Student: 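Submitted below is the structure of interest, expressed as structure tokens.
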2 protein chains.
Amino acid sequence: MLNFTFHNPTRIQFGSGQIVALNAEIPDDARVLMIYGGGSIKSNGVYEQVKSALGERPVFEFSGIEPNPRYETLINAVDVIRQNNVDYLLAVGGGSVIDGVKFIAAAACFEGDDPWDIFTKRAPVKRALPIGVVLTLPATGSESNTGAVVTRGEDKLPFASPLVRPAFAILDPQVTLTLSPRQVGNGVVDAFVHTIEQYLTYPVNGKVQDRFAEGLLQTLIEDGPKALSEPDNIEVRANVMWSATLALNGLIGAGVPQDWSTHMIGHELTALYGIDHARTLSLILPAMMKVRRDTKRDKLCQYAERVWNIREGSDEEKISAAIHATEAFFRKMGVPVRLSEVDLGSEAIPTILNQLEKHRMTRLGEHRDIGLDISQRVLETAL
Amino acid sequence: MLNFTFHNPTRIQFGSGQIVALNAEIPDDARVLMIYGGGSIKSNGVYEQVKSALGERPVFEFSGIEPNPRYETLINAVDVIRQNNVDYLLAVGGGSVIDGVKFIAAAACFEGDDPWDIFTKRAPVKRALPIGVVLTLPATGSESNTGAVVTRGEDKLPFASPLVRPAFAILDPQVTLTLSPRQVGNGVVDAFVHTIEQYLTYPVNGKVQDRFAEGLLQTLIEDGPKALSEPDNIEVRANVMWSATLALNGLIGAGVPQDWSTHMIGHELTALYGIDHARTLSLILPAMMKVRRDTKRDKLCQYAERVWNIREGSDEEKISAAIHATEAFFRKMGVPVRLSEVDLGSEAIPTILNQLEKHRMTRLGEHRDIGLDISQRVLETAL
């Protein structure tokens, strides 16, 4: 395996009823800004649980963080922080809220002229407000990692800093029982593709990393569809929730090559057409597997055998069967696998390629050899 | 799965040549006490690498930590710390050195009369010196967890505190190339049994935890023997090293029942007869599996099928085959599986049971139902 640093100090409080742990996690004298999205937490009881757990602390609120959080929205939160001398940010929501809060935490302490420079000029994040999380949608893993993605106009851009890693994350599977089937499907697929992008590269004999990634994929394959067919099964929800966090907490990617090309192309589909993040991944990944089956041959065979238990046939047949099984799994989760299903045809491809070029996404993949020509083939294969 | 808290802030620096990372991990103005064992680090180059990486910092030394570190030795280090105003402890060694350093770190800041009270009276650890680790022997996982075991006379007792968790651990598989076959065998078996004690209990549908544990077991089964037969294979050493850390960093045990009865009986064998820790585990575990095959039936079947790929036969046949395979694996690692192999007969059993009673180890196991009668049957089965 490759040399690596692994460090993940986020404290995870996992299980039913764990929102009460907020009280011990946040300093007694904190001035808290509770940040959330569209308000679903007010109808499912989470809002009341959080407020109750925060007790007598002064709590301010900032709501309206949209899916694919927008710079224009987030920057308004900085004003609320300054007006109220807020010193602790509490994200209550899924990946979009948490990503947005990460940027808010950095922007509130940013010393330069324009915090957008963090994305476009790699301006360093030198300080950030502390962050806690109450996770409501298992999907992105943002609750215990250092990364965030923010959208401004047609630019959807990432940043990362250890200073915005949440200090703690509360994972109560109970709060996921009220998610819509679309949210559940998207979340499972997002976690699945996160795992794949750190696994389906080339072998470096990282046996533990491979086995752990395969364990997450198998769990999502077994329990993802059950989260739709048995929506009240709390054990299933717990397994999905813990899988999604571990899929992107740094562990399975430590010491192995990573790809992320599916994500980078997917981001452009969201920025251009507003397609849900996870659905951009289900649209691109199968096509990526097909186009890259030669460079990913060894790992695709391993994936077929260990994850899908496909033992019969030639290597080529196993790989084809594994790609087919992946598509069937995505369909079972209710997400599209062809661009035509989201009303995109070949006329969209030049626009997408232009965006990739604009964002310098011209050397993608674990070998950094996915130029615009290969991205074009992937998009054509996904039609 | 069960509710849990997971928190492991130890920073892992993994890979060949990583000892240089010491310089960035330890404060520039630290006064460091470098603590090690019998001096093998002076013949394999580790000592020089560590000293070089520490640069101009004042470095004091304390050597002679023995396997199963002894209270009488460790307490002497506290004097060295006080005489030299040491404020940072660097453990360079395996689990015994690291466990010893954890106690030293707590004892140096202990405010009561006798630091031994930490073990016998559960005196609270309120402060401890910071600890860094350069790991030389992959086995115990002590490099990133909160626990330690210390011996005084015939008492071998554990304590745990988040304050003694190492701040960082450097895992360079290169430094394990000079280990003796006995150390390699012991280390692999120790990590294997750590994993088993958190896995082989009763099912709580913790799918990720089960898959991760199985992945560690499979890796140790595949690469443990290779560490003996291909001693220069650095990839094998790396997989063994990373497996051993993850076997006891809190992850696979989060949210699932744990057993630890094999360890508790094993500790008495070490305290009474000086048997290597891992060898006490290989002596007891197969007998424990045999005696507890009814209460552990479901997980033993899963272990047979997923870890050993035993798919044929009745459940009883699969379980028997899996226990047999476990014994064969231990033999391949060069460790004993019968008390007779270490010259212990039935006459030793009352002595061992007396020790268990003295240490109140009379309600062991995941159901807390292993009294002295069942421990006796386990020991008789291990003859």
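Worth saying up front: this structure is predicted, and the values here are computed from it rather than measured. To find a chain, count down the sequence lines: A is the first, B the second, and so on, and within it residues start at 1.
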Student: Indicate yes or no: at least one non-hydrogen side-chain atom of B/Gln209 is less than 4.5 angstrom from one of A/Trp242.
Tutor: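 With C-beta onward as the side chain, the pair touches.
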Student: Sort by residue number and list every residue of residues 298-313 of chain B having at least one heavy atom under 4.5 Å from chain A.
Tutor: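 Interface residues of residues 298-313 of chain B: none, nothing closer than 4.5 Å to chain A.
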Student: Please check if atom NZ in B/Lys332 has more than 12 non-hydrogen atoms from other residues, nucleotides or ligands closer than 6.0 Å.
Tutor: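 It does not: B/Lys332 NZ has 12 such atoms or fewer within range.
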Student: Under a 4.5 Å cut-off applied to non-hydrogen side-chain atoms, are B/Thr195 and B/Leu248 in contact?
Tutor: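 No; the side chains remain at least 4.5 Å from each other.
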Student: State the CG-CG distance between B/Asn44 and B/Leu179, to the nearest 0.5 angstrom.
Tutor: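 Answer rounded to 0.5 Å: 8.0 Å.
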Student: Is it the side chain or the backbone of B/Gln13 that comes within 4.5 Å of chain A heavy atoms, both, or neither?
Tutor: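 Both the backbone and the side chain of B/Gln13 come within 4.5 Å of chain A.
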Student: Regarding A/Lys102 and A/Ser142, is there a side-chain donor-to-acceptor distance under 3.5 Å anywhere?
Tutor: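 The criterion, which ignores hydrogens and geometry beyond distance, is satisfied for A/Ser142 and A/Lys102.
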Student: What part of A/Thr10 gets within 4.5 angstrom of chain B, counting heavy atoms only: side chain, backbone, both, or neither?
Tutor: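 Backbone only.
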Student: Please test A/Asp210 against A/Lys207 for salt bridge (charged side-chain N to carboxylate O under 4.0 Å, His left out), starting from the C-alpha separation and ending with a verdict.
Tutor: CA-CA 5 Å; A/Asp210 281 1; A/Lys207 289 195 174 191; over 6 Å; no
Student: Side-chain contact test, heavy atoms from C-beta onward, threshold under 4.5 Å: evaluate it for B/Pro130 versus B/Leu89 and give yes or no.
Tutor: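 No, side chains not in contact.
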Student: Side chain from CB out, backbone as N, CA, C, O: work out which of these in B/Asn8 comes under 4.5 Å of a heavy atom of chain A, or both, or neither.
Tutor: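 It is the backbone, since no side chain atom gets that close.
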Student: What part of B/Gln218 gets within 4.5 angstrom of chain A, counting heavy atoms only: side chain, backbone, both, or neither?
Tutor: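 For B/Gln218, the contact with chain A is made by the side chain alone.
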Student: Over 60° means perpendicular and under 30° means parallel, so tell me whether B/Phe14 and A/Phe4 are parallel, tilted or perpendicular.
Tutor: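 Parallel, since the angle between the ring planes stays under 30°.
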Student: Checking B/Leu246 against chain A: side chain, backbone, both or neither under 4.5 Å from a heavy atom?
Tutor: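 The side chain, not the backbone.
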Student: Supply the atom-to-atom distance A/Thr140 OG1 to A/His194 NE2, rounded to the nearest 0.5 angstrom.
Tutor: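 Interatomic distance, A/Thr140 OG1 to A/His194 NE2, rounded to 0.5 Å: 6.5 Å.
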Student: Under 4.5 Å heavy-atom distance to chain A, tell me which part of B/Leu251 shows up: side chain, backbone, both or neither.
Tutor: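 Interface part for B/Leu251: side chain.
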Student: Is it the backbone or the side chain of A/Leu171 that comes under 4.5 Å from a heavy atom of chain B, or both, or neither?
Tutor: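 Neither part, no heavy atoms under 4.5 Å.
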Student: Out of curiosity, B/Asn145 CG to B/Thr245 OG1, how far, rounded to the nearest 0.5 Å?
Tutor: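 Answer for the CG-OG1 pair, B/Asn145 versus B/Thr245, is 9.5 Å.
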Student: Need one label for A/Glu214: side chain, backbone, both or neither, based on atoms under 4.5 Å from any heavy atom in chain B.
Tutor: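 Contact with chain B: none, neither part.
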